Amino acid sequence: MQDKYQPAAVEAAAQQYWESALAFRAAEDSARPKYYCLSMFPYPSGRLHMGHVRNYTIADALARYHRMRGCNVLQPMGWDAFGMPAENAAIQHGVAPAKWTYANIGYMKDQLKRLGFAIDWSREIATCRPEYYRWEQWLFTRLYEKGLIYKKLGAVNWDPVDETVLANEQVIDGCGWRSGAPVEKREIPMYYMRITAYADELLAALDDLPDWPEQVKLMQKNWIGRSEGVEVHFPYEMATVGMAGVLKVFTTRADTLMGATYVAVAAEHVLAARAAANDPALAAFIAACRQGGVAEADLAAQEKQGMDTGLRVVHPLTGEYLPVWVANYVLMGYGEGAVMAVPAHDERDFDFARKYGLPVRMAVRSTCGAYDDVSAPWIGAYAEHGRLTNSGKYDGLDFQGAVDAIAADLAAKGLGQKRVQFRLRDWGISRQRYWGCPIPMIHCADCGDVPVPDAQLPVVLPEDVQITGRGSPLAKMPSFHECACPRCGKPARRETDTMDTFVESSWYFLRYASRDNPDAMVDARADYWTPVDQYVGGIEHAILHLLYSRFFTRAMRDCGLIGLSEPFTRLLTQGMVVASSYYRMDEDGGKRWFNPADVDVVIDGRGRPISATLKTDGLPVTIGGIEKMSKSRNNGIDPQTLIDQYGADTARFFIIFAAPPDQQLEWSDSGIEGASRFLRRVWAFAHGLGENDGLPFPAALPKTLADPRREIHLRLRQANHDFGKRQFNTVASAAMKILNALEKTARDEAGANAVVREGFSILLRLLSPIAPHIAHALWRECGYGDDILDAPWPEPSADALAQDEIELMLQINGKLRGNIRIAAAASKADIETAALASGAARKSMDGKPARKVVIVPGRLVNIVV
RNA sequence: GCCGGGAUGGCGAAAUCGGUAGACGCAGCGGACUCAAAAUCCGCCGGUGGUGACACUGUGAGGGUUCAAGUCCCUCUCCCGGCACCA
């Protein structure tokens, strides 16, 4: 054994051993419980970042732990390889997206291998390869034929200068990121996946996911947003609108219908267009609403603006005419693109009504009475439920009674009915981009939209392409889009849009199980491995990716491809990795960001950072606070430096130790030293461990050995509990505490060798999922066995934990005043007697009688005086 | 704006069911070893007062429930994630 811990050599040897033993090659095996451990696959951006290392270290710890628990583990890895950054790199550096992507994959794969993850690389997939995406295209045509994919108009960000569609991320303050031109909303035809057909099921099935974080289920529930309400029809006529029809709105507050004083429609609504036809001012307002991007966060944050269309609709119950306004806070994509406005009982309507002098009419009496005086100036909307007032025949009804009565009356008039509305919208998957999976459709003048037949799949994305950032590359390539109609054979045009990259990531976990099958998307092996037992990934995917995957699994189930409904049994959402940022102000007012690696931080006598200087010039930089590691803030720490300097085990151990997996991890360079020091101590301890002396485990240990052994088994018990909770940082703490106990154990008594060797074997096995290389090396070198990978997981021994006497804390009036030692088996009466008799109690009670004695077995006695 | 989460020493954090707040580690301070440094080892380490035993105080702010609150309830502040074309 090397005296000194040399991680590079230890890790290379362990990795070589695993590789030549095919240690992580997974095969179906009905004899053991299977454990499919999946990490969200990375986008091949160039290099691993700290978030990747954290994600895969957590998953690897789980994979290795379950293997030692006797499971047949599958841990695959692949590449979410389509996406915008490859096109951006092509524009900036002139390198083809495919070439750039494959080079990145090569580099990052080496990095992953150096981290020693227990990955079955034989199952590697890259979504940009035709072998992968042909099945996505194949499924697209199935879903199209089933009616789960359809075409309609959808709004996009249009850059009028570059004549290209921009992602929300590429719209900065309402302008195109490259051209700087103001962005407009534009409606274009797009393909949509009918996820709303599964809204009810996706919502209800959240209850069948007990091992998902509550917060994720809650976010999904709110995203799907099922609401029960009433569809209300406001008729309109030739006289007031110039055509006859009904304006439909959906409301969850039909009880307030008698308080409606206007209706508001989205700028894209048909009535808005109608009114604008002969009203230039209104047309200008609608055009202004079209300015800016489509991101809902921006729309919701902007100031409420509106304009009277001059049109009037009829209140369905009173027959009164209500004005129709166009308002920028009404979204065309939600519900009917129109709302009834009740300023008295809705905050947004109230703000809008006050701004434009629209009437406020009370319909619900507040329970507190504060809003009852209709003549007093209104201070805000009363949005709570209450009994109706000022509402004619409905006066006095409560919320449910009023909704029922009003819905019944509307139904009788044919002007509405109760219905359910979802917030969830169908998923628009068309992208006017190059580096994505081509949508397998052909547009024929005679036959319309025709899916590409199976025999012609895959529609291969050409790799020899010029990316300029202007227009759609595929639309400029006749060799790609000129084709024959599969139905009639006449010249036709191939669809040049590609699919949203979320489509590839919605089913990749199924393909890992069948990745070498050229004849089918999935096969029986997927039935063995799925559902995924443990999914690990960033909390930022809590809604979209996870919801799309849940939808896709059901869509594939309904195509008869799989039997599964829920793809991920257990979910761990990992927190972000954040770090300090440093900057200087430029002359033009911009900030120039410096990487933490290039900055020296000056600390005061107590370790508080007080200033920072740049290493290269020694001049001060401003400390910009702690933020998500990102390119824009230049505060990313390259994990490669860490691995090169300390080794993979140290990097892994530190990342696990620094914070619980689901919480934000704040990067600090100094903490890594502690992890490194600990592993060096483990190595040194193994070096001085000594051979197994072969003596049997002593029947009765002296206290000097029983105490450390008890400590070790207590820590093991805690570690096992924490492993179950997925709280790995305290597992790492437990390992440190075990080493502390081992180092303090006296080695001169009979039985010491057995106690210490047992304790160290526990330590190595606890460490194995987190720092597998050093555990692998020391397990063999200390003679515990050949391979720690399949060593049995340790369990605490009842024997080691037993004790005759325990210590209880003694409280007087809830304040700690001392301890009492008492037999572990003592009754409550004995404990009370002992507590009252103790010196600490008599001193603190000051002669007053005990009013009450609270005893918590095994913990405390509280005497209330 | 809407939805979700978070806040505990100088720092990362721990506290299993409402039961000793700050385990474990980092940084810092003091000491040992060394010609010296590094490494290593030992000790101290929330705040205030006290030589000390100890006392008081302390988990973002304010209120409440309880014998007992970091933990439960109400109100508020700040920070972070998501908001459908970043992945």
Side-chain angles (χ1 to χ4, degrees), chain A residues 40 42-43 45 80 83-85 154 156-157 165-171 213-216 218-219 221-223 225 293-302 304 329 333 347-348 423-433 500-502 505 538-545 547-548 575-576 578 603-609 625-628 654 657-660 662-675 677-678 680-681 684 718 721-722 724-725 727 729-730 732-737 740 809-811 813-816 819 851-854 856 859-860 862-865:
Chain A
M40 290 182 186
Y43 177 79
S45 55
D80 189 14
M84 272 198 326
V156 295
N157 303 305
V165 174
L166 298 179
N168 285 336
E169 190 190 52
Q170 297 171 314
V171 180
E214 286 304 321
Q215 61 158 311
V216 173
L218 192 53
M219 280 192 270
K221 178 173 181 251
N222 293 337
W223 185 263
V294 298
E296 195 177 313
D298 299 334
L299 297 175
Q302 69 191 4
K304 287 179 194 62
Y329 70 88
E347 207 60 61
R348 291 195 308 179
R423 206 189 75 98
L424 182 69
R425 308 197 291 259
D426 277 337
W427 174 17
I429 55 161
S430 295
R431 297 291 179 269
Q432 298 68 47
R433 272 188 256 293
D500 181 0
T501 58
F502 271 121
S505 56
I539 181 70
E540 65 273 19
H541 295 292
I543 296 175
L544 292 180
H545 162 62
L547 192 61
Y548 292 151
M576 289 176 311
V578 297
I603 52 172
D604 69 7
R606 309 179 82 162
R608 280 180 289 222
I626 292 155
E627 296 171 82
K628 179 179 180 174
F654 173 63
F657 177 64
D662 55 351
Q663 273 181 40
Q664 172 170 295
L665 189 157
E666 194 176 315
W667 189 258
S668 88
D669 277 333
S670 49
I672 190 86
E673 287 287 349
R677 201 171 295 154
F678 169 68
R680 288 201 300 270
R681 276 169 61 206
Q718 175 224 320
H721 177 265
D722 293 349
K725 277 203 310 188
Q727 185 174 294
N729 54 323
T730 48
S733 293
M736 289 174 149
K737 289 175 184 175
N740 289 346
M809 63 169 153
L810 176 64
Q811 294 182 335
N813 285 341
K815 296 213 173 201
L816 182 67
N819 291 296
R851 216 177 66 208
K852 187 175 174 185
V853 179
V854 180
V856 182
R859 295 215 83 123
L860 61 78
N862 185 19
I863 301 170
V864 185
V865 187

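Residue numbers begin at 1 in each chain, while the letters A, B, ... track the order of the sequences. If you're wondering where the values come from, they're calculated on a predicted model, not measured in any experiment.
As a whole-Å value, the separation of A:I672 CD1 from B:C24 C1' is 16 Å. Atom CG of A:L860 is separated from atom C1' of B:U66 by 14 Å (rounded to the nearest Å). Rounded to a whole Å, the CG atom of A:L424 is 9 Å from the C1' atom of B:A84.
Between A:F502 and A:Y548, the ring planes lie perpendicular to each other; the angle is over 60°, past the 30° to 60° tilted range.
In this structure, B:U16 makes no Watson-Crick or G-U wobble pair, since no nucleotide meets both defining distances under 3.5 angstrom. Using N1 to N3 plus N6-O4 or O6-N4 for Watson-Crick, or N1-O2 and O6-N3 for G-U wobble, each under 3.5 Å, B:C41 pairs with B:G31. Shown here, B:G70 forms no base pair; nothing in the strands shown gives a Watson-Crick or G-U wobble contact with both key distances under 3.5 Å. In a base pair of the Watson-Crick type (N1 to N3 plus N6-O4 or O6-N4) or a G-U wobble (N1-O2 and O6-N3), with each distance short of 3.5 Å, B:G4 is matched with B:C80.
Here, B:U75 and B:G4 have their P atoms 14 Å apart, quoted to the whole Å. When the C1' atom is compared between B:C11 and B:C45, the two are found 14 Å apart, to the nearest whole Å. Remark: the separation of the C1' atoms in B:G64 and B:C26 is 38 Å, to the nearest Å. Separating the C1' atom of B:U65 from that of B:U51 is a span of 43 Å, rounded to the nearest Å. Rounded to a whole angstrom, the distance from the P atom of B:G70 to that of B:G19 is 10 Å. Atom P of B:A21 sits at a distance of 13 Å from the matching atom of B:U16, rounded to the whole Å. A gap of 13 Å separates the C1' atoms of B:A69 and B:A15, to the nearest Å. Spacing of P atoms, B:C78 relative to B:A68, comes out at 33 Å, to the nearest Å.
At B:A23, none of the side-chain N or O atoms of A:N740 fall inside 4.0 Å of OP1 or OP2 (strictly under the cut-off). Distances shown here put a side-chain N or O of A:R677 below 4.0 Å from the OP1 or OP2 atom of B:U40. Applying the 4.0 Å criterion to OP1 and OP2 of B:A84, one finds that A:R431 has every side-chain N and O outside that range. A sub-4.0 Å separation between OP1 or OP2 of B:G12 and a side-chain N or O of A:N729 is absent. Under 4.0 angstrom from either OP1 or OP2 of B:A68 there lies no side-chain N or O belonging to A:N813. Taking 4.0 angstrom as the limit, A:T730 places none of its side-chain polar atoms (N or O) nearer than this to OP1 or OP2 of B:A14. The shortest distance between the side-chain N/O atoms of A:R423 and the OP1/OP2 oxygens of B:C3 is not below 4.0 Å. A:Q727 has a side-chain polar atom (N or O) that falls below the 4.0 Å cut-off from OP1 or OP2 of B:A15.
In this structure, of B:C85, B:G19, B:A13, it is B:C85 that holds the atom nearest to the side chain of A:R433. Each of B:G5, B:C86, B:U20 was ranked by its minimum atom distance to the side chain of A:A167; first place goes to B:C86. Distances from the side chain of A:A659 to the nucleotides B:A13, B:A87, B:C80 place B:A13 closest. When each of B:G4, B:U16, B:C85 is scored by its nearest atom to the side-chain atoms of A:D500, the top-ranked nucleotide is B:C85. Nearest nucleotide to the side chain of A:R680, out of B:C3, B:A84, B:U40: B:U40. Of the candidates B:C67, B:G1, B:U16, the closest approach to any side-chain atom of A:K725 belongs to B:U16. Of the candidates B:C85, B:A87, B:G1, B:A87 carries the atom nearest the A:H541 side chain, counting heavy atoms from C-beta on. When distances are taken from the side chain of A:M736 to each of B:G25, B:A87, B:G19, the shortest belongs to B:G25. Between B:C86, B:C85, B:A84, one nucleotide has an atom nearer to the side chain of A:N157 than all others, and that is B:C85. With distances taken from any side-chain atom of A:S733 to the nucleotides B:C80, B:C85, B:A23, the minimum falls on B:A23.
Residue A:Q811 places a side-chain atom within donor-acceptor reach of the base of B:G19, judged by atom type and a 3.5 Å distance cut-off alone. At a cut-off of 3.5 angstrom, the base of B:A68 holds no donor-acceptor pair with the side chain of A:K815.
Comparing A:A675 and A:Q663 by the nucleotide of RNA chain B whose heavy atom lies nearest to each, the residue mapping closer to the 5' end is A:Q663. Toward the 5′ end of RNA chain B lies the nearest nucleotide of A:N819, the other residue of the pair A:N819 and A:I539 mapping further downstream.
By the rule that a glycosidic angle within 90° of 0 means syn, B:G82 does not qualify and counts as anti. B:C72: glycosidic angle beyond 90° from 0, hence anti.
Between the side chain of A:D722 and the backbone N or O of A:Q727, no donor-acceptor pair lies under 3.5 Å. Judged by distance alone, with hydrogens and angles left aside, the side-chain atoms of A:Q215 form no donor-acceptor pair with the main-chain N or O of A:A542 at under 3.5 Å.
Across all strands shown, A:R348 has no heavy atoms under 4.0 Å from either base or sugar-phosphate atoms. Among the atoms of the strands shown, none is found under 4.0 Å from any heavy atom of A:A542.
The two residues A:V165 and A:Q170 make their nearest non-hydrogen contact at O-OE1, 4.4 Å. Closest approach of A:F657 and A:A732 over heavy atoms only: CD1-CB, 3.8 Å. Here the closest heavy-atom approach between residue A:N157 and residue A:V294 is recorded as OD1-N, 2.7 Å.
With rounding to the nearest 0.5 Å, the separation of CE in A:M40 from NE2 in A:H545 is 4.5 Å.
Side chain to side chain, A:R851 and A:N813 fail the donor-acceptor criterion of an N or O pair below 3.5 Å.
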